[in-house]
There are 2 protein chains.
Amino acid sequence: MDQSPPRSSSVTVADVARKAGVSKATAARVLGGYGTVSDHVRDAVTAAARALDYQPNELARSMTTGRSGTIGVVVGDIENPFFSLAMRGISDVARQAGFTVILINSGEDADTERSAIRTLLAKRVDGLIVSPAKESDADHLREAARSGRPLVLLDRGSETLDIDTVIADDRHAAENITRRFIALGHRRIAYLTACDTPDHRFRAPTDINTGSVRRRIEGFLDVCQKAGLERMEDWVHVGAVTPEHTRCIATVILKSSRRPTALIASDSVIGLEVFKVCRELGVTIPTDLSLVSFHDADWTSVTTPPVTVVRQPVYGLGEAAAKLLVERLNGNSAEATRVVLKTEVVERASVAAAPA
Amino acid sequence: MDQSPPRSSSVTVADVARKAGVSKATAARVLGGYGTVSDHVRDAVTAAARALDYQPNELARSMTTGRSGTIGVVVGDIENPFFSLAMRGISDVARQAGFTVILINSGEDADTERSAIRTLLAKRVDGLIVSPAKESDADHLREAARSGRPLVLLDRGSETLDIDTVIADDRHAAENITRRFIALGHRRIAYLTACDTPDHRFRAPTDINTGSVRRRIEGFLDVCQKAGLERMEDWVHVGAVTPEHTRCIATVILKSSRRPTALIASDSVIGLEVFKVCRELGVTIPTDLSLVSFHDADWTSVTTPPVTVVRQPVYGLGEAAAKLLVERLNGNSAEATRVVLKTEVVERASVAAAPA
DNA sequence: TCTCACTATGAGACCGGTCTCAAATAAAAA
DNA sequence: TTTTTATTTGAGACCGGTCTCATAGTGAGA
C-alpha cells in the first residue's frame with residue numbers, strides 16, 4: 001500500500017469526491033457524517049479519504065454552520081494559581097463537551113480585556129467565560145452578552161448585570177474569619193488586597209471594582225461594625241498589585257506604631273509576601289500577628305506555622321462556569337443564573353488570641 | 001444619533017457596502033485595510049460600518065487568507081505552576097505579535113496529545129507549541145511538522161527529531177547538584193520523578209520518555225559513576241504521577257532500612273509532597289535528609305528550612321518558544337534550532353553534610 | 001489635444017465546507 | 001404491471017470575507 005507520500009496540505013472534499021468517483025455533496029456527507037449514504041459509497045469515500053490523507057478544515061466547517069466549537073476564556077493572570085486551577089476546571093469540562101479553549105490574559109487591565117473580548121467575538125467563539133478586571137465599566141460585557149453568544153462571569157460579577165455568574169461565597173467567608181478574630185480579642189485587623197483605587201486609598205466598598213473582593217470587604221466591615229469597632233475602613237489596604245508592592249505595603253503596615261494584631265490577605269500571592277515580610281521583620285506568627293489568607297495555595301500547609309486559609313472551590317468554580325456555558329450552548333435559555341459555591345475555613349496554626 | 005439598536009449579529013461587508021453606496025469590493029478594502037481607496041469613500045464606508053456596528057468575521061477572513069492568527073499550545077497540565085508560568089511567557093509574546101492562543105491540556109497522555117494536535121491542525125492554527133508527554137512515539141509530531149505549519153517543542157524534545165526545541169540545561173543542573181551531594185559525603189542519593197515506566201521500575205535512562213527528565217537522570221548517573229558509586233540506578237524512583245502516588249513512594253523510600261541521605265525531586269509538586277512526608281515521619285531536613293527540588297516554586301522559600309532548588313527560567317522557556325515560533329511564522333526557514341536556557345541552583349538551607 | 005501611466009472602483013471567482021432541492025433509482029403497495 | 005413512497009445521489013447556492021482582473025477616471029508629459 002506504499003502510497004505516494006500524501007502532499008503536505010489542503011486535500012479537499014472535492015479531491016476526495018473525484019478520487020472516489022462521486023459528487024462533492026456525497027463525499028461531504030460521508031466526511032461530515034450527516035445525511036444518508038449507501039454503505040457502498042461510504043466505504044469508497046472513506047477509502048479515498050484515507051488514501052489522500054484528507055484532513056477536514058474546521059474553519060470552513062464553522063463558516064457555514066456558524067458554530068466554531070471554541071469557547072473564549074479571559075482571565076486576569078494565568079500565572080496566578082487561582083486562575084490556572086480554575087482554567088483546569090474549565091478546560092476539562094470543555095474538552096468533555098467537545099469544545100476547545102482560546103485563552104487570553106487580560107493582565108487585570110480593562111482595556112486589554114475589552115480588546116480580548118472583541119478579538120474572541122471576531123473569531124466567532126461559541127461562548128465566553130470572563131473574569132472581569134473591573135466591574136465599573138461593564139459595557140463590553142453587556143455588548144458581548146448582546147452579541148447573542150452566551151457569557152459566564154467567573155469569580156467576579158456585578159449584581160447589576162443580568163449575566164450568568166459563578167462565584168464563591170466570599171462575603172460569608174470574610175465574615176466568618178472576622179468574627180473569629182474578634183472573638184479572639186483582636187481589634188486592630190488589617191485587610192490587604194491587590195485591587196486598587198485611583199488614589200491608592202480605601203474609603204468605602206464601592207471603591208472596589210472587583211466583586212469578589214468587594215463582597216469580602218463588605219463582610220469584614222459589617223462584622224466589625226456590629227461588634228462596635230469604629231473606622232475599620234482605615235485598616236483596609238489596597239494596591240498590592242505586584243509582590244514588590246505587597247512587600248512595600250506590608251512592611252509599612254507592620255512597622256507602624258499601631259501595628260495590626262491580625263491580617264487578612266486577599267489572595268495567596270499576597271499572603272505569601274506578607275509571610276516573608278513577617279519573617280524578615282521578626283514578627284512572629286501567630287504570637288505577634290494572626291494571619292489568614294484567601295486561597296488554599298500549596299505553600300500554606302508547609303510553612304512554620306502552617307497558615308489558616310479560606311479554601312475556595314477553585315477548580316469547581318471553573319468547572320461550574322464551563323458547565324453553565326455548555327448548557328447555554330445546548331439551547332438552555334432560562335433566566336440568568338447565579339451559582340454560589342461554598343468556601344471553607346481550613347484552620348491551621350497561624351491564628352491565636354490577640355497579644356495583651 | 002440615537003441609532004436603531006444594531007441588530008444582534010452578522011452585519012457583513014455587503015451590508016456596509018450597500019449602506020455606503022459602494023461595491024462590496026470597495027467596502028472590503030476599507031474594512032480589511034488593504035488596497036487603495038479614496039479618502040472620500042473611506043470615510044463613507046467607515047461611517048456606514050459604525051452605524052451598522054459592523055463586526056468583522058475573522059473566520060471568513062482566515063478562510064481566504066489561510067492564516068488564522070492563532071497558535072495552538074499543548075501542555076501536560078496547566079495546573080502545574082511550571083506550565084502556567086511558561087504559558088504566561090507564550091501568551092505574552094503571542095499577544096505582542098498579534099496572535100491568540102488555543103490551549104489544550106494533554107494530561108500527560110499521549111493519545112489525548114495526539115488528538116489535541118489533530119484538532120488544532122483542523123482548526124488551522126498557524127503554528128504549534130507542544131510539550132510532548134512521551135517522546136517514544138513522536139509520529140504525530142512528525143506529522144504536524146510535515147503539515148507545513150511550524151512546530152516548537154517546549155521543555156522536552158528528542159535529539160532524534162529535527163524540530164525546533166527550547167529546553168533548559170537540565171543535565172548540567174543535575175550534574176551540579178549530584179556533585180555537591182557527593183562532595184558533602186552523600187552516597188545514598190535518591191531521584192524521584194513523575195515519569196513512569198510500564199512496570200513502574202527504573203533500569204536505564206532510555207526507559208524515560210520525557211527528554212528533560214531523561215537528561216537529568218543521565219547527568220545524575222554520570223556523576224555518580226565517575227565518583228565510583230555503583231548501581232545508582234536502584235535509587236531512581238519513577239511513577240510519582242499524582243501527589244498521592246508521590247506520598248506513597250516517598251513514605252516507602254524514607255521508611256526503608258537503607259534510607260537515602262539526599263533526595264532530588266524532579267519537580268516542585270513532588271518536592272512539596274516529599275517535604276510533607278518528611279515532616280510526618282519526623283525526618284529532619286537537612287540533618288536526616290538533604291533535599292533539592294527542581295523548579296523554584298513559591299513554597300520553597302518559606303518553609304523551615306527553605307529548600308534549595310534548581311531555578312529554571314520557566315517564563316523564559318515559554319517566551320523563547322513563542323518567539324521562535326513567531327519567527328518561523330514570519331518566514332524564517334532556517335535549520336531546526338535548539339535553544340538551551342541556563343538554569344541556576346538557588347542555595348537555601350535544605351542541604352547539609354551526610355550524617356555520619 | 002492626445003497618449004500614457006496611474007489611481008480608484010466594480011464584477012465576480014474563490015476558499016472549503018454545509019445544505020437545499022430536485023432528479024434518479026429502488027422498494028413497496030395497488 | 002402500474003403507481004406510490006422511500007432512499008440515494010448530484011447540481012449548485014451559500015457562508016463572509018479576499019483577491020484578481022477589467023474598466024473608468026485623472027493629471028502629467030509630448
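We use all heavy atoms of the structure for the numbers below, so side chains are in, but hydrogens, waters and symmetry mates are not. Per chain, numbering begins at 1; letters A, B, ... match sequence-line order. Just so we're clear, the structure is a prediction, and the values are computed from it rather than from any experiment.
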Do [X] side-chain atoms and [Y] backbone N/O form a donor-acceptor pair below 3.5 Å?
X	Y	result
B:Arg149	B:Leu121	yes
B:Asp15	B:Thr12	yes
A:Asp92	A:Ala94	no

Does anything in residues 26-47 of chain A form a side-chain hydrogen bond (donor to acceptor under 3.5 Å, both in side chains)? List the pairs, not counting sequence neighbours.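 Sorted pair list: A:Ser23-A:Thr26.
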Leading and trailing nucleotides of DNA chain D with any atom under 4.0 Å from heavy atoms of chain A: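 Nucleotide range in contact with chain A: D:dT8 to D:dG16.
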Test salt bridge (charged side-chain N to carboxylate O under 4.0 Å, His left out) applied to B:Glu319 - qualifying residues, sequence neighbours left out: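 Residues passing salt bridge (charged side-chain N to carboxylate O under 4.0 Å, His left out) with B:Glu319: none at all.
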Roughly, in whole Å, what's the span from CZ in B:Arg29 to P in C:dA11?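 For the pair B:Arg29 CZ and C:dA11 P, the rounded distance is 11 Å.
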Let me know the distance between OH of B:Tyr34 and P of C:dA8, rounded to the nearest Å.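 Computing the B:Tyr34:OH to C:dA8:P distance gives 15 Å.
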Go through the steps to decide whether A:Thr210 and A:Ser212 satisfy the test side chain to side chain donor-acceptor pair (under 3.5 Å), and finish with yes or no. CA-CA 6 Å; A:Thr210 307; A:Ser212 52; over 6 Å; no
DNA chain C: B:Ala60 or B:Ser38, which has the more 5' nearest nucleotide?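 This one resolves to B:Ser38.
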How do B:Lys24 and B:Arg124 order along DNA chain C: which one's closest nucleotide is nearer the 5' end?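 Its nearest nucleotide lies further toward 5', so the answer is B:Lys24.
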Looking at C:dA8, I'd like to know if its phosphate oxygens (OP1 or OP2) sit under 4.0 Å from a side-chain N or O belonging to B:Thr26.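 The answer is no; no side-chain N or O of B:Thr26 sits under 4.0 Å from OP1 or OP2.
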